Amino acid sequence: MNLLIRLVKISDAQEIRAIYAPYVETPVTFEESVPPVSEIVSRIKYITTHLPYLVCEIDGHIAGYAYATDFRTRSAY
């Protein structure tokens, strides 16, 4: 197994979306629909301008991700 923690790249957006999608419409995300890849790209671009965004890659595929974000940006908070 080859494990790597690295900074996110825009090209990771599709795999990040696939990981995120099953959690939409649950109390975990407070989102009502799965965002398109273009929205994930926008979020990556916004977050990485001022906060860290990391991915965990196992054998060349995204296995997980973590990022810091601004406090209480969604109405559910």
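Bear in mind the structure is a predicted one, so any value in this text is a computation, not a measurement.
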Residues which pass salt bridge (charged side-chain N to carboxylate O under 4.0 Å, His left out) with Glu39, listed by chain and number, not counting sequence neighbours:
Arg43

Using the ring-ring contact (aromatic ring centres under 6.0 Å, His included) criterion, which residues pair with Tyr53? Sequence neighbours excluded.
Tyr67

Residues in ring-ring contact (aromatic ring centres under 6.0 Å, His included) contact with Tyr46, at least two apart in sequence or another chain:
His50

Please report the shortest heavy-atom distance between [X] and [Y], naming the atom on each side.
X: Ala13; Y: Val37; answer: CB-CG1, 3.9 Å
X: Cys56; Y: Leu3; answer: SG-CD1, 3.7 Å
X: Ala18; Y: Pro22; answer: O-CD, 3.3 Å

Minimum side-chain heavy-atom gap [X]-[Y] below 4.5 Å:
X: Arg6; Y: Val55; result: yes
X: Leu4; Y: Ile58; result: no
X: Leu54; Y: Tyr65; result: no
X: Thr48; Y: Leu7; result: no
X: Val24; Y: Glu32; result: no

Any donor-acceptor pair under 3.5 Å from [X] side chain to [Y] backbone:
X: Glu15; Y: Ile62; answer: yes
X: Asp59; Y: Met1; answer: no
X: Arg17; Y: Pro35; answer: yes

Give, for atom OH of Tyr20 and atom CD of Glu31, the distance between the pair rounded to the nearest 0.5 Å.
3.5 Å

Is there a path of hydrophobic side-chain contacts, each under 4.5 Å between heavy atoms of I/L/V/M/F/W/Y residues, joining Ile5 to Ile47?
no

